[in-house]
Amino acid sequence: MVQHFIRSLIDADLAAGRHTTVVTRFPPEPNGYLHIGHAKSVCLNFGLARDYQGRCNLRFDDTNPEKESTEYADAIQEDVRWLGFQWDGEVKWASDYFQALYAYAEELIEKGLAYVDDLSPEEMRAYRGTLTEPGRDSPWRDRSVEENLDLFRRMRAGEFPDGAKTLRARIDMASPNINLRDPVIYRIKRAHHIRTGDAWVIYPMYDYTHCISDALEGITHSLCTLEFEDHRPLYDWVLDHISIDCHPQQIEFSRLELHYTVTSKRKLNQLVTQGFVSGWDDPRMPTIHGMRRRGYTPEGIREFARRIGVSKSENVVDMGVLEACIREDLEAKAPRVMAVIRPLKVTLTNFEAGVTANRSAGFHPNHPEFGEREVPISREIWIEQDDFAIDPPEGWQRLTPGGEVRLRYSYVIRCDEVVRDAAGRVVELRCSIDHDTLGQNPKGRKVKGVIHWVAAEHALAAEVRLYDRLFTDPEPDGHKDRDFLEFLNPHSLETVQAWVEPALRDALPELRYQFERLGYFCADRCEHQPGSRLVFNRTVMLKDSWASGSEAPKGPHMDQQRGR
RNA sequence: UGGGGAGUCGCCAAGUUGGUUAAGGCACCGGAUUUUGAUUCCGGCAUGCGUAGGUUCGAAUCCUACCUCCCCAGCCA
C-alpha cells in the first residue's frame, strides 16, 4: 500500500473518531467512455473502500440530459467491473434524488436563500462581474419567499420556456470566489432524460446536486479533481443550509495526464466523431475500452494507478510507466508462441523436402506448468526480415551472409546464399542446418544469436495490427497556438499480414500471448474468429536493449515506430 | 491587478509535529546469467528539495520576500 495525502487525512479522521468507516463514490457523468484518468479515480475510490473495509458507490451524475446516453452508462459499468471492482449495492443515479433535490430547493427558498431570476444568460454574465471586479445584485434578487416559491413551482410545472428563468442560491455577488456569486442551481431544459424521461423540465446543476447526493448516500470522503477546489465553499454552503445531517468532506487531487496522448472527454469524442480513430474502443485510445481491446490487463492498469500515486501537483506521467506495468503483468501470464510479422523466406537446403519434424516447446520459460506445444519445422520457413543483415552493424547477433544463428527451439543454421530479385531486394535465404545442434550447442564455436521463425507449410495467416502512440508530441494539447490534431501520428496503426504458428489456430478472442522477441499481442475481441480469421493487436513491445543502443540503426520515424 | 492551488533527479512520488549519508517506481548507464538482444540478478543514478535571505547546534521541513506554473467570469460536469 502506498501512502498519500488522502490516506493521511482518512487516517486522521478515523483516529479522531470523526468517522468509523470509509464511504466513497465514483461519480461519472454518462457522457462519454471512461479513460485512463478515470481509471485512476476508480482505483482510488474503490481501492480506498477496499483497504479500509468500507464501501464505494457507483453513481451517475446524470443532471444534463442533453449530453447523456445509456450507451455510455452501460459502457462505464462494464469498464468498472472489468477493472475488477464491484460497487456497493445498486448503481446509484443523481436522478434518483431529483425529488429530494427539489424539496431542498424549496427549503432554501423558504429560508430566503434562493430566488428565481429572470436574467438572460447574457445579462447574468454581465451582472456576475469579472475576476477583479465584484458582481452586482440581480434586480430579481429580492423577490418575496412567496413569489419565489410560486415561480419555482411554475418552473417545475412547465409554465416557462427553456432558459426563461433560473433558480439561484442567494449567497454573495461580491464574493472574490466567483462560484459564490449567486450560482444557478436549477435551469429550465426540455430534454428527454435517459432515466426520468420527460417527467422534469427543470434540472439541478452539478454543484447543487453533487454535495446533496453525497450526503444522501452517507459518503464520508468525496474525492474529486483539482478544478473543483474553488467549488468546495459552495459544496459546504449548500449542506450547511439545508436540513441534512450528513456533511461529506470534499478532497481534491490532481488529474492524470499521460505523455503522447490526451485525456479529455471532449477531445476523445472529437477523435471518434471525426473518424481519426475507429471508435471509443480503438486500441490507440486511452479509454478503458481501447486499452482492453489492445490487450492491457486490469491488473496492469491497477498497478499503474498504484505507481503514479495521488497528489495535488500537476503531473504528466511517462507512457513508459503504464507500459512497464502491462509488460510486468504479461511477462508472468502470457504464453509464448512464435510469429513472423515481416516474413523473409528461408530454404533449409539440407532438410529433406516433404518432411515435417516436430519439436516440443514450452509455453513459458519460467513456468513449466503452462505446458508445451508441438512446433513443426519443414524445408521452408519464414524468418523476420530484420533478423538478417547483408552488412551488419557492430555488435549484430542475428543472421548475416555466411553467418550462423540459432532457430529458437530448433537447429543452428548457416546462411549460405542470398537470393535477390531483379531490383536487388533480398527475397530468399538458402541456409543449411547443423544437424548436431538440436537441444545442444555446436562444438568448438559459440552461436550467440537466437531468432524466431515459423514453418511456411504449417504457418497460419494472421492479420496483425501494430500500434504506436497516437500523437507525435509529448503534450499534444499543451500548445496554446496549435490544435492537438496537428500532432496526430500518421503511423499510429500499421496492419500487416503475418504468419503465426499452428498452436494459435483456435485462440479465443482477448487471449494474450507473447510473440517471442516481438512483444505481447492480444486476439482482437471484436474481429478475431478462432479457427478462421486470426487478428492480433500488438499490446506493447518487449524491451529491446539492442534497438535502444547506439549501434542499432534507428527506424524512419520515432523510436517506437520500429517494425518490431 | 481578485480568489483558489502547486513547485523534491528526465517523468511520477515518499518525506513536511525541524535531527544521522533526501524512500521507492519508471527511464537511463554498467555488469552477471540466458536457445526470447526478453525475463531474472547485482551495481550506478539529487552535497540537492523553485529563488534569495533569515531563525537554529541542526531546515526539504519554521519565518520573510520574490519567481514560475495551473484553475475559476457555462443556465457543463
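Chain naming here is simple, since letters A, B, ... match the order of the sequence lines and numbering starts at 1 in each.
Under the 6.0 Å distance and 45° angle rule, A:Lys92 does not count as a cation-pi partner of A:Phe60. Remark: A:Arg373 is positioned above the aromatic ring of A:Phe363, its terminal NZ or CZ atom under 6.0 angstrom from the ring centre and at most 45 degrees off the axis.
Within the nucleic acid shown, A:Gly439 comes within 4.0 Å of at least one base atom, counting heavy atoms only. Base engagement by A:Leu119 is indicated by at least one non-hydrogen atom pair under 4.0 Å involving a base atom. Residue contacts shown for A:Met338 are absent, as no nucleic acid heavy atom lies under 4.0 Å away. Residue contacts shown for A:Gly320 are limited to sugar-phosphate atoms, with no base heavy atom under 4.0 Å away. No contact: A:Glu252 has no heavy atom under 4.0 Å from any strand. Contacts of A:Phe228 with the nucleic acid, taken as non-hydrogen atoms under 4.0 Å apart, include base atoms. Using a 4.0 Å heavy-atom cutoff across all strands shown, A:Leu131 reaches at least one base atom of the nucleic acid. Within the nucleic acid shown, A:Val310 comes within 4.0 Å of sugar-phosphate atoms alone, with no base atom in reach, counting heavy atoms only. As judged by a 4.0 angstrom heavy-atom cut-off over every strand, A:Pro365 is placed among the base-contacting residues.
Contact check, A:Arg517 against B:G37: a side-chain N or O comes under 4.0 Å of OP1 or OP2. For the OP1/OP2 pair of B:A13 and a distance below 4.0 Å, the side-chain nitrogens and oxygens of A:Asn315 include at least one atom meeting the criterion. Residue A:Arg187 places at least one side-chain N or O closer than 4.0 Å to OP1 or OP2 of B:A77. In this model, the phosphate group of B:U35 is not approached by any side-chain N or O of A:Lys446 to a distance below 4.0 Å at OP1 or OP2. Proximity of A:Thr63 to the phosphate of B:C76: no side-chain N or O atom is located under 4.0 Å from OP1 or OP2. Close to B:A73, at under 4.0 Å from its OP1 or OP2, lies no side-chain N or O of A:Thr130. Side-chain N/O atoms of A:Ser313 include none lying less than 4.0 angstrom from OP1 or OP2 on B:G5.
B:A22 and B:G15 have their C1' atoms separated by 8 Å, with the value rounded to a whole Å. Annotation: B:A65 and B:U1 have their P atoms spaced 15 Å apart (nearest Å). Going from the P atom of B:G50 to that of B:A13 covers 14 Å, rounded to whole Å. Nucleotides B:G7 and B:C49 have their C1' atoms positioned 10 Å apart, rounded to a whole Å.
Atom-to-atom, CG of A:Asp477 to C1' of B:C70 comes out at 13 Å; the value is rounded to the nearest Å. Taking atom NZ of residue A:Lys480 and atom C1' of nucleotide B:C71, one finds them 12 Å apart after rounding to whole Å. At whole-Å resolution of the value, NE2 in A:His231 and P in B:G74 are 11 Å apart. In this structure, the OH atom of A:Tyr409 is 12 Å from the P atom of B:U35, given to the nearest Å. Remark: C1' of B:C26 and CD1 of A:Ile326 are 14 Å apart, rounded to the nearest angstrom. Between the CZ atom of A:Arg168 and the P atom of B:A73 there is a distance of 15 Å, rounded to whole Å. Summarising the geometry, the separation between CZ on A:Arg408 and P on B:G37 is reported as 8 Å, rounded to the nearest angstrom. One atom, CG of A:Leu258, and another, C1' of B:A27, lie 15 Å apart when rounded to the nearest Å.
With hydrogens and angles left out, the side chain of A:Arg398 and the base of B:G37 share a donor-acceptor pair within 3.5 Å. At a cut-off of 3.5 angstrom, the base of B:G5 holds no donor-acceptor pair with the side chain of A:Asp230. At a cut-off of 3.5 angstrom, the base of B:G4 holds no donor-acceptor pair with the side chain of A:Asn177. With hydrogens and angles ignored, a donor-acceptor pair under 3.5 angstrom links the side chain of A:Arg406 to the base of B:U35. Applying the 3.5 Å distance criterion, the base of B:U34 shares a donor-acceptor pair with the side chain of A:Lys448.
Within the shown strands, B:A6 is the pairing partner of B:U68 under the Watson-Crick or G-U definition, both distances less than 3.5 Å. Pairing partner, B:U33: none, since no Watson-Crick or wobble contact has both distances short of 3.5 Å. Of all nucleotides present, none satisfies the Watson-Crick or G-U wobble test against B:A77 with each distance under 3.5 Å. Both distances falling under 3.5 Å, in either a Watson-Crick or a G-U wobble arrangement, place B:C28 opposite B:G44.
Of all nucleotides listed (B:U35, B:G37, B:C72), B:C72 comes nearest to the side chain of A:Ile178. When distances are taken from the side chain of A:Thr132 to each of B:U1, B:C12, B:A77, the shortest belongs to B:U1. Nearest to the side-chain atoms of A:Leu542 among the listed nucleotides B:U36, B:A73, B:G15 stands B:U36. Nearest nucleotide to the A:Lys312 side chain, out of B:G74, B:A6, B:A77: B:A6. Listed nucleotides: B:G25, B:A14, B:C12. Nearest to the side chain of A:Val316: B:C12. Ranking B:G25, B:C75, B:G37 by closeness to the A:Arg307 side chain, first place goes to B:G25. With distances taken from any side-chain atom of A:His259 to the nucleotides B:A73, B:C11, B:U36, the minimum falls on B:C11. Closest contact between the side chain of A:Glu314 and the listed nucleotides B:C70, B:C75, B:G37 involves B:C70.
Taking the six-membered ring where the residue is Trp, A:His367 and A:Phe370 present parallel rings, their angle staying beneath 30° rather than reaching 60°. The aromatic rings of A:Tyr102 and A:Trp200 sit tilted relative to each other, their planes meeting at an angle between 30° and 60°. In this structure, A:His193 and A:Tyr203 have parallel ring planes: the angle between them is below the 30° cut-off, well short of the 60° mark.
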Using nucleotides 39-44 of chain B, report all nitrogen or oxygen pairs with the protein that are shorter than 3.5 Å.
from  : atom 1 : to       : atom 2 : distance (Å)
B:U39 : O2'    : A:Glu331 : OE2    : 2.8

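Both A:Glu68 and A:Met319 sit near RNA chain B, but only A:Met319 has its closest nucleotide nearer the 5' end. Between A:Ser120 and A:Gln397, the one whose closest nucleotide on RNA chain B sits nearer the 5' end is A:Gln397.
Residues A:Ile194 and A:Ser69 share a closest heavy-atom pair of CG2-CA, 3.7 Å.
A heavy-atom distance below 4.5 Å is not found between the side chains of A:Arg307 and A:Arg302.
To the nearest 0.5 Å, atoms CH2 (A:Trp453) and OH (A:Tyr409) are separated by 10.5 Å.
Between A:Asp182 and A:Arg141 there is a salt bridge, since at least one side-chain N of the basic residue sits less than 4.0 Å from a carboxylate O of the acidic one. Salt-bridge annotation for A:Arg59 and A:Glu217: present, with a side-chain N of the basic residue lying under 4.0 Å from a carboxylate O of the acidic one.
Among A:Met541, A:His452, A:Arg538, the single residue meeting the side-chain contact (heavy atoms from CB on, under 4.5 Å) criterion with A:Leu518 is A:His452. Checked against A:Asp117 for a salt bridge (charged side-chain N to carboxylate O under 4.0 Å, His left out), the options A:Arg168, A:Arg170, A:Arg128, A:Lys165 give a single hit: A:Arg168.
Remark: ring of A:Tyr206 not stacked against base of B:A77; the cut-offs of centroid gap under 5.5 Å and plane tilt under 30° are not jointly satisfied.
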